[in-house]
Structures are given as structure tokens and as C-alpha cells.
Amino acid sequence: MWSDKISKFPSKGKTTIYLLTATGLSLQAVNHLNLLSFSHDSSNFPGRIRAGFDGVLRSSRAISTIAITVADYKYSLHGLPVDSDDYFQKLSEVHLRSAKRIRKLCGTNKGFYVKAGQFVSALRQVPKEYSTILSSLNDQAVPCNFKAIKEVLISNWGQDLSDIFSSFDELPIAAASIAQVHHAVLKDSQEVAIKVQYPGLEQNMKMDTTVMSFLSKSVAWFFPEYRFHWLVSAFSGAISEELDFIQEARNSERTAENFKNNNIIRVPGVFWDLTTRHVLTMQFCKGHKVDDVEFFKEMKISPIKVAKALVEVFAEMIFIHGFVHGDPHPGNILVSPDSHNGFFLVLLDHGIYRKLDERFRLEYCQLWKALILLDWNEIQRLGERFGVAKYSRYFPLIFTGRTIDSKSALGKGMSDKEKKNLKQELKSLNMEDLSSFMESLPPDFLTILRTDGLLRSLISMLGAPQRIRLMAYAKDAIYGLSPKSNATSDFAVKVMFSRFKTNLTYFLLRLRLEVLELLIWMGKVNQFVYTLCKQIGVALRGATLTLSFQ
């Protein structure tokens with residue numbers, strides 16, 4: 001059956017399906033035989049041989065999974081008009097099957113495959129079937145055996161744990177795809193959290209990312225509309241930085257310095273004498289995950305206020321500092337009760353950061369100002385600057401949930417008519433458009449998209465309106481456009497004038513938005529009154545006719 005269906009494909013498509021499937025399945029078959037032969041004494045293999053064996057096994061799974069997925073897309077969609085309802089229904093079904101297939105692959109291969117799945121799930125630009133299914137990978141990390149973790153610690157510190165700590169919890173308090181965290185108490189009674197990288201990860205990374213790159217290039221060569229090398233490239237760059245815990249420690253200290261005057265956020269301090277490339281020792285901070293709404297209710301902490309504080313912190317990172325935490329999922333942000341402010345946020349895991357190019361940061365601030373005001377000319381100009389002029393009309397939809405010609409108030413979503421028109425318009429877009437859009441964007445933009453997608457998800461979990469995010473972005477976009485003053489060298493009058501000008505600009509923006517919302521509200525009231533009067537008129541005419549017949 002499969003051979004009959006595949007025979008309908010273009011020759012180039014058949015070639016890649018046969019090639020990838022044959023390579024993957026034959027490798028997998030060999031690996032299964034090897035696994036049966038050596039499963040009982042594989043622990044005697046030298047470390048490099050075991051790592052290589054495991055790498056080949058994971059690679060064969062990946063190759064065969066992607067080959068079957070490509071065949072599924074080509075077979076299922078073959079012959080269907082791309083603008084038909086049948087095509088979109090089938091496409092959604094294939095997305096769902098493929099997402100489940102890839103989730104299984106990531107769960108089986110573990111390590112960087114889980115991390116890659118998490119990376120993809122945070123992008124709102126991928127089909128919703130993928131983001132929904134792959135998001136379950138956030139809770140699938142399995143802790144490493146403590147014996148292996150202890151070996152990493154001793155090899156990095158050159159001392160036994162009893163020489164450094166008065167107590168050390170062998171059970172991890174958190175586990176992720178590349179590391180796990182243990183609680184310990186130093187000899188001087190200070191509590192610390194120790195993040196330990198799983199052994200052999202760097203060697204696995206080289207093989208895994210090479211295979212991912214090979215698969216993305218192979219599929220793109222045979223099927224040009226399916227180009228995902230931009231995604232593999234972004235993931236590889238992020239993960240290579242995340243494996244260097246010294247860089248992570250530097251990122252955390254830079255973030256702490258950026259927010260030193262902000263009492264709503266805490267960044268754990270670093271113990272440099274116990275930090276290496278593979279081990280990071282930090283101040284231990286207590287708190288609950290930022291999405292633990294039940295805990296907030298118990299402590300009488302408003303989830304809306306938590307959402308507002310969270311988005312304000314990240315808006316400041318993006319628009320003002322230009323130094324952005326790229327992985328704000330619930331496990332990386334804690335909320336701790338505080339008698340003075342009610343609560344404070346603890347920001348963890350500083351491995352994935354992006355230092356935004358200054359020109360990009362300013363243009364991104366300009367883009368958000370234009371998005372808030374739906375300034376089409378400015379949006380189009382900036383779309384050209386970002387290399388995606390053809391798709392710039394979709395920026396308002398991507399970031400604010402409105403179309404470029406929307407009549408809805410900011411944060412209120414689209415009307416039914418706007419949704420219907422948009423659905424019709426989107427039918428003209430295909431995978432080629434998605435590939436072209438994503439690979440044309442600057443690398444800084446990809447980091448922003450991922451961070452923004454995770455933030456929007458957190459805001460929804462906390463039950464807060466998206467308008468909180470939109471207004472925080474609008475405010476810091478305005479402040480991010482103002483010249484950065486140096487209070488020690490600039491004249492006080494100059495600094496005060498600059499701040500006054502920025503505050504006035506933001507005030508005028510808020511005033512304009514309020515006036516626009518008032519006009520929209522008045523229009524709705526007028527429409528309601530008109531409809532009501534019309535209905536009353538019809539009722540009165542009906543009553544008059546009834547009386548006349550009596």
C-alpha cells in the first residue's frame with residue numbers, strides 16, 4: 001500500500017523517502033541486534049564507545065522518524081488543492097500525528113532531543129498541534145543517578161563533598177534535560193543550590209545537533225518548502241551557550257546588576273569558588289513556580305499582580321536593557337511571599353540569554369510603538385528593515401492579536417467579521433511562506449519570539465488579560481527609545497528634561513489609546529441604540545397593525 005502511494009510522488013520525493021527510511025530503519029535494525037548482544041555487559045565498554053553506540057542508536061531513531069513524517073505529509077496531502085477545506089483538515093491531522101511521533105522520539109532519545117522539543121513548543125509560529133503536544137516535554141526530565149553526579153562534582157572540585165558541606169541532599173530538588181539541582185548546606189551554614197551538568201553531554205551535543213542539521217538540510221533539499229534549518233541553527237547556538245555554566249553565572253550577575261534598584265525581582269548570588277563549566281553553585285532561594293495559582297490564593301497573592309510584575313520585568317529586559325532571558329518557563333521563575341511588597345520574583349536558569357544588537361533594539365521599540373497605534377506605514381518600513389517586508393502586515397496579528405485594519409480596541413481581540421476575513425486571507429499562505437518568513441528574520445528576532453511566546457503562555461495560566469502585556473511593552477518601548485543618560489556625567493537639567501520628554505510621550509500615547517477606546521465604545525453604544533430603536537419601531541408598527549385589525 002505504501003509503495004503504491006509513494007509511487008505517485010515526484011522522483012526526487014521518492015528518492016529522499018527511500019534514502020532516509022532505508023538509512024534509518026537499517027541502522028535501527030542493526031542497533032537492536034547490537035543492543036541484544038551487548039545489553040548485559042555494555043557497562044564494560046569504554047566511555048567513548050558507549051557514547052558512540054548510544055549516539056548511533058539515537059540518530060537512527062531520528063532519521064527513521066523524520067523519514068516517516070515526510071512520507072506522511074506527502075502521502076496525506078497529495079492531490080489536494082492547497083486552498084481547500086479538505087487540505088487544511090488533512091494538514092491539521094498530519095500535524096497532530098507528526099507532533100505525537102516527534103514527542104515520542106524526544107522522550108525516547110532524551111537529552112538534547114527533549115530540549116529541542118521544548119524549544120519548538122515555545123514558538124507560537126509553529127502549528128498549534130506541535131506547540132500543544134511538545135509542551136508536555138517540559139515535565140519529562142528524568143534525574144541522573146547520584147553516583148554519576150557525585151563523580152562530576154568531585155572531578156570538578158577536586159574535593160570530597162564532606163570536605164565542603166555539612167549536608168548534601170542526594171535527591172535532586174529539580175531536574176531538567178541537561179542538568180539537575182541539589183540542595184546543600186556549606187560548613188558555614190549557608191544554604192546553596194548546586195546545578196550539575198549530566199556527564200557526557202557535550203559529546204552527545206555534537207552528534208545530536210549534527211544529525212538534526214543533516215535532517216533539516218536533507219528535507220529542505222528534496223522539499224524546498226519545508227525549510228527548518230533556521231530552527232536548528234537557533235537551537236544549536238542556544239544550547240552550546242547553555243552548557244557553559246561559567247557563562248550562565250556571568251549572565252545572572254549582569255541581570256542582577258541591571259535590576260539592582262528593582263525590589264520585585266531577585267537573582268540568586270553565585271559562589272564562584274564552587275562554580276566551573278559543568279557545576280554552578282548559587283544561593284538557595286525558596287519559592288513556588290510562577291504558575292502555582294492555588295498557592296497564590298492560599299497566600300492571598302493576586303495572580304494578576306504576579307503577571308503584571310513578570311511582564312514588566314521582561315519588558316524592561318527587552319526594550320531597555322537589550323539583554324534578554326530566553327527561557328522564561330514556569331520552572332525558571334519562582335514567586336516568594338514578602339511582607340513588604342506582598343511577593344517577589346526569583347529568576348533562575350540564566351543559561352540562554354541574548355544580547356540584542358543596539359540598532360535592532362531601537363527598531364524593535366519603534367515597531368511596538370507602531371503596533372500599538374496600528375501605524376501601517378511605519379510597520380511596513382520596519383518590516384523592510386527586518387527583511388520580511390512581504391509579511392509585515394502580519395506583525396500586528398503575531399504580537400497584538402489584531403489585524404492591520406482592525407477596529408477592535410487594544411487587547412480585545414478580533415470581531416467575528418475580522419476573524420472570518422483573516423481565515424480567508426491565511427488560506428493563501430503555505431509552508432513556503434512560513435519558512436521564508438522565519439529564515440529571513442534577524443537572529444535577535446527569533447529570541448524575542450520565543451521569549452514572548454512563553455510570556456504570553458504564563459500570562460494566560462495566571463488568568464490575566466493580554467492587555468497587561470501590551471501596555472507594559474508599549475511603556476518600555478517608549479522609554480527604550482529615549483537617549484540613555486549618564487547621571488554622573490550629564491547635566492542634571494539635561495537628564496530631567498530627557499525624562500520629562502519621555503514621560504510626556506508615554507502620557508500622550510496612553511491618552512490617544514484611551515480616546516480611541518472611548519470612540520470604539522461610543523460606536524458600539526450608537527450601534528446598540530440604533531438596533532434597539534429599530535426593534536422598538538418594528539414592535540410598535542406590529543402593535544399598531546394589530547389594533548387596526550381589531
Side-chain angles (χ1 to χ4, degrees), residues 122 124 251 254-267 290-291 302-330 332-333 335 341 343-348 350 352-358 360-373 382 395-396 398-402 410-411 444-462 464-484 499 502-503 505-510 513:
R124 298 177 67 89
N251 292 341
R254 180 169 180 174
T255 300
E257 176 64 21
N258 287 342
F259 288 99
K260 63 183 178 182
N261 297 321
N262 188 330
N263 56 14
I264 202 69
I265 182 171
R266 309 282 171 85
V267 178
V290 72
D291 61 345
S302 167
I304 306 297
K305 288 184 178 180
V306 172
K308 187 173 184 294
L310 177 66
V311 77
E312 285 175 351
V313 165
F314 277 86
E316 187 173 336
M317 281 187 182
I318 295 168
F319 295 100
I320 297 176
H321 302 157
F323 189 61
V324 185
H325 190 301
D327 198 19
H329 66 74
N332 288 341
I333 305 166
V335 177
N341 297 305
F343 67 90
F344 59 84
L345 304 174
V346 180
L347 192 58
L348 306 174
H350 302 269
I352 300 179
Y353 265 79
R354 184 83 187 184
K355 175 66 178 76
L356 302 182
D357 176 79
E358 182 62 10
F360 171 84
R361 185 188 68 80
L362 291 171
E363 289 176 341
Y364 191 68
C365 289
Q366 292 168 351
L367 174 63
W368 263 92
K369 184 179 178 181
L371 289 172
I372 296 298
L373 298 174
L382 291 165
F395 276 150
I398 292 170
F399 289 110
T400 69
R402 298 189 296 175
L410 185 66
D444 286 350
F445 217 123
L446 296 177
T447 300
I448 294 293
L449 287 173
R450 172 181 162 80
T451 300
D452 184 60
L454 288 167
L455 281 177
R456 291 165 79 166
S457 177
L458 284 176
I459 293 169
S460 296
M461 290 178 187
L462 293 168
Q466 288 295 329
R467 182 179 170 83
I468 286 179
R469 163 181 158 273
L470 298 175
M471 294 312 301
Y473 279 18
K475 178 181 178 181
D476 280 343
I478 296 297
Y479 280 83
L481 286 171
S482 64
K484 293 185 177 180
R499 289 176 180 172
T502 302
N503 289 334
T505 303
Y506 176 62
F507 171 76
L508 293 175
L509 175 66
R510 286 296 302 263
L513 289 175

Take Lys260 and Glu257 through the salt bridge (Lys or Arg N to Asp or Glu O under 4.0 Å) test and state the conclusion after the steps. CA-CA 5 Å; Lys260 63 183 178 182; Glu257 176 64 21; 2.9 Å; yes
Under 4.5 Å between any side-chain heavy atoms of Phe344 and Asn263, yes or no? no
Restricting to non-hydrogen atoms, name the atom on Pro328 and the atom on Gly326 that form the minimum distance, rounded to 0.1 Å. CD-C, 3.5 Å
Any side-chain heavy-atom pair from Val290 and Met461 closer than 4.5 angstrom? no
Between Leu347 and Met317, is any pair of side-chain heavy atoms under 4.5 Å apart? yes
As an exercise, state the distance from CG of Asp357 to CG of Leu362, rounded to the nearest 0.5 Å. 9.0 Å
Residue pair Lys305 / Phe343, side-chain heavy-atom distance below 4.5 Å: yes
Going by the ring pair (Phe, Tyr, Trp, His ring centres under 6.0 Å) test, name the single residue among Tyr479, Phe399, Phe319 that passes it with Tyr473. Phe319
Shortest non-hydrogen pair, Asp444 vs Lys355, comes out as OD1-O, 4.1 Å
Side-chain contact, heavy-atom cut-off 4.5 Å: Asn251 with Phe323? yes
Are Ile352 and Thr447 side-chain neighbours, meaning at least one heavy-atom pair lies under 4.5 Å? no
For Arg469 and Asp452: C-alpha separation, side-chain torsions, deciding distance, then whether side-chain contact (heavy atoms from CB on, under 4.5 Å) applies. CA-CA 10 Å; Arg469 163 181 158 273; Asp452 184 60; 2.9 Å; yes
Is any side-chain heavy atom of Leu454 closer than 4.5 Å to one of Arg450? yes
I would like to know whether Phe395 and Phe445 meet ring-ring contact (aromatic ring centres under 6.0 Å, His included); could you show each step before the answer? CA-CA 12 Å; Phe395 276 150; Phe445 217 123; 5.8 Å; yes
Closest approach of Ile264 to Ala309 (non-hydrogen atoms, all atoms of both residues): CG1-CB, 4.0 Å
Do any N or O atoms from the side chain of Ser460 and from the backbone of Arg456 form a donor-acceptor pair under 3.5 angstrom? yes
Report the C-alpha distance between Phe259 and Leu345 in whole Å, list the side-chain angles of each, state the deciding distance to 0.1 Å, and finish with yes or no for side-chain contact (heavy atoms from CB on, under 4.5 Å). CA-CA 12 Å; Phe259 288 99; Leu345 304 174; over 6 Å; no
One should read off an interatomic distance between Thr400 OG1 and Trp368 CH2, to the nearest 0.5 angstrom, of 6.5 Å
Quick one, Asp476 with Ile318, criterion side-chain contact (heavy atoms from CB on, under 4.5 Å). Give me CA distance, side-chain angles, the key distance, then yes/no. CA-CA 9 Å; Asp476 280 343; Ile318 295 168; over 6 Å; no
State, to 0.1 Å, how close His325 and Leu348 come at their nearest heavy-atom pair, and which atoms those are. NE2-O, 3.0 Å
When rounded to the nearest 0.5 Å, the distance separating CD1 of Ile333 from CG of Asp291 is 9.5 Å
When you look at Leu458 and Phe314, which way does the side-chain contact (heavy atoms from CB on, under 4.5 Å) test go after all the steps? CA-CA 12 Å; Leu458 284 176; Phe314 277 86; over 6 Å; no
Do Thr451 and Arg354 have side chains that get closer than 4.5 Å, going by heavy atoms? no
Find the distance between CG (Asn258) and CD1 (Ile320) and round it off to the nearest 0.5 Å. 10.5 Å
How long is the span from the CD atom in Glu316 to the NE2 atom in His321, to the nearest 0.5 Å? 3.5 Å
Distance col, row Ile448:CD1 vs Leu356:CG, nearest 0.5 angstrom, shows 5.0 Å
Provide the closest heavy-atom pair for Ala472 versus Ala315 in the form atom of the first, atom of the second, distance. O-CB, 3.9 Å
